[in-house]
Amino acid sequence: MPPSADAWHVNDSPAPIEQDGVEQHGVEQVRRLVTEVPGPRSRELDSRRSAAVSAGVGVGLPAYVARAGGGVLVDVDGNHLIDFGSGIAVTSVGNAAPEVVARVQAQVADFTHTCFMVTPYEGYVAVCEALAELTPGEHVKRSALFNSGAEAVENAVKIARTHTGRQAVVALDHAYHGRTNLTMALTAKNMPYKQGFGPFAGEVHRAPMAYPLRWPGAAEKTEEQIAAEALDAFVSTIRTQVGESNTAAVIVEPIQGEGGFVVPPAGWLRGVADFCAEHGILLIADEIQTGFCRTGDWFACDHEGVVPDLITTAKGMAGGLPLAAVTGRAEVMDSVHAGGLGGTYGGNPVACAAALGAIETMRSHDLVGRARRIEAILRPRLEALQEKYPVIAEVRGRGAMLAVELTAGPGDLTPHATATAVINKHCHSQGLVTLTAGTFGNVLRFLPPLVSPDHLLEDGLDIIEDAFARVLG
Ligand SMILES: *Cc1c(COP(=O)(O)O)cnc(C)c1O
């Protein structure tokens, strides 16, 4: 059954997330360890990995997954692990979400591929319609679909350059935009993303990020002052080192992802947007990690009321299938010559079916509200932990995208990457999948699926508390 154009418009009374031990996709929503983690079968598979998989592909927790549902991963040894990573903010609608599975199964049986540029199909169009409706701004929009976040970012830059006739692109300190050549250039952090992989694409410039915790003299400054100073530094970098009239685009993550969930102070993003508008520079919001309900809004830009010219999306959009998009002002998106954008697999019909199922789930379960509820559960307990352990310099993030940054202690912002790594490992050993982040590797980040029931979140928090007690006791 092909997806209908408004197939993701469903009932207006959202269904609550079912609580208490119920199953999602046949997986009981509990943590249950039956072996050590990783167990013997995982360790066996992991020795096959070393023999067959490039060492360049790292693995965080080598517990091999056999099945998953909602907020729980079941490994090959039968351990039920709590997922606080969502495969890096991807399975926001839960793993193997029923609406995603049903639509993918129907689509894969109908046809698997035609290439949209050869013979098109409705699902691609329906996803672009959904993007036009859901992304910030009431203007007329167009979208193009791709396979990965990096590919979307590359294309956003291509589009910005054609539209403006300018070449320079400005990215921020601590930014992460992907691992392809152009996106490596846009990404700030050297190790592991860039080390030895140069030369990088040209005409990429870097401006200071409004990073409140680490802004010079932050302790004596208000959020407003930091926003103003950071905006001055940003503007001055473009003015003195790049030139406004050479600048095609500024690319910003409204809340930085791999960079450590850095939340710029209120007003800063608005200032960046206004500066861009004044100088004919396109603002690209990279919402690949923050988009699709994760931060307690459909998009993180919504929180600031900022409307970007172009927005890149991927991760949470398609419930685990590879799909990415660039969405933007019609006149910008349509300034590219026919054939200038595309790719063999971009907007694959199975991935589009998954996206329509994921968006339906976001609406039917009010996952925007659910992300806010998750913050209401996680934040107070993380803040209590901060009271107890002064190595936690900051609890930050928004919605179901929260993190703690670990430093040497009060008044000393020296990053504490070792404690971060050890606590992360301890969580893994107890059956909680956590991730680290940050330019200095000293941030623990939490990205649970938005459908995780409350008791699972509380259990995950218990493990985090226990990990801090054991490691820093
Ligand atoms: C993950 C990510 C990317 C890259 O996406 P891939 O699908 O891994 O290529 C780009 N930007 C942001 C903000 C991301 O979080």
Side-chain angles (χ1 to χ4, degrees), residues 56-60 85-92 135 144-158 160 169-189 192-194 197 200-201 204 206 209 211 249-264 269 272 283-295 299-301 306 308 310-327 343 345-348 351 354-355 358 397-403 435-439 443 445-447:
V57 183
V59 168
S86 299
I88 319 187
V90 170
T91 52
S92 297
T135 55
L145 304 183
F146 304 97
N147 304 295
S148 70
E151 206 189 344
V153 170
E154 292 248 356
N155 278 280
V157 170
K158 281 163 62 173
V169 180
V170 176
L172 292 153
D173 280 331
H174 311 287
Y176 182 87
H177 298 292
R179 294 172 179 268
T180 57
N181 188 264
L182 173 57
T183 59
M184 274 194 292
L186 293 166
T187 291
K189 188 176 176 178
Y193 306 122
K194 303 167 78 165
F197 296 147
F200 304 111
V204 170
R206 195 162 307 284
M209 173 64 189
Y211 189 159
V250 168
I251 182 162
V252 179
E253 297 158 88
I255 296 176
Q256 290 185 320
E258 311 302 296
F261 290 12
V262 177
V263 185
L269 187 61
V272 168
L283 176 63
I284 305 172
D286 181 349
E287 292 239 24
I288 288 166
Q289 191 151 162
T290 49
F292 285 101
C293 308
R294 177 53 59 184
T295 66
F299 295 91
C301 281
V306 165
L310 294 168
I311 180 167
T312 53
T313 52
K315 293 195 166 94
M317 169 159 60
L321 272 81
L323 186 69
V326 182
T327 302
Y345 295 110
N348 167 272
R398 193 175 293 141
M401 182 172 179
L402 296 175
L435 306 171
T436 58
T439 300
V443 176
R445 57 170 156 170
F446 310 117
L447 292 160

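Only a predicted model underlies this, so the values are computations on that prediction, with no experimental measurement involved. Note that ligands are numbered from 1 as they come in the structure, with each ligand's atoms numbered from 1 the same way.
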Quick one: does any side-chain atom of Arg294 pair with a main-chain N or O of Ala400 as donor and acceptor, under 3.5 Å? yes
Below 4.0 Å from ligand 1: does a non-hydrogen atom of Ala150 turn up there or not? yes
A student checking ligand 1 against Ser148 at a 4.0 Å heavy-atom cut-off should list atoms 7 (O), 9 (O)
Test side chain to side chain donor-acceptor pair (under 3.5 Å), reference Glu154, set Asn181, Thr180, Thr183, output is Thr180
Where is the nearest protein heavy atom to atom 5 (O) of ligand 1: which residue, which atom, and how far? Gly149 CA, 3.2 Å
Looking at ligand 1, does any of its N/O atoms fall within less than 3.5 Å of an N/O of Glu253? no
In terms of heavy-atom contacts, Pro254 and Glu287 come closest through CG-OE2, 3.6 Å
Can you tell me which residue and heavy atom of the protein come closest to atom 8 (O) of ligand 1, and the distance to 0.1 Å? Lys315 NZ, 4.7 Å
Considering all heavy atoms of both residues, which atom of Ile88 and which atom of Lys315 are nearest to each other, and what is their separation? O-CD, 3.1 Å
With sequence neighbours excluded, tell me which residues meet ring pair (Phe, Tyr, Trp, His ring centres under 6.0 Å) with Phe146. none
Between Gln289 and ligand 1, is there a nitrogen or oxygen pair with a distance under 3.5 Å? yes
Heavy-atom pair of closest approach, residues Tyr193 and Met184: O-SD, 3.3 Å
For Asp286, take its heavy atoms, then give the atoms of ligand 1 lying under 4.0 Å from any of them. 10 (C), 11 (N), 12 (C), 13 (C)
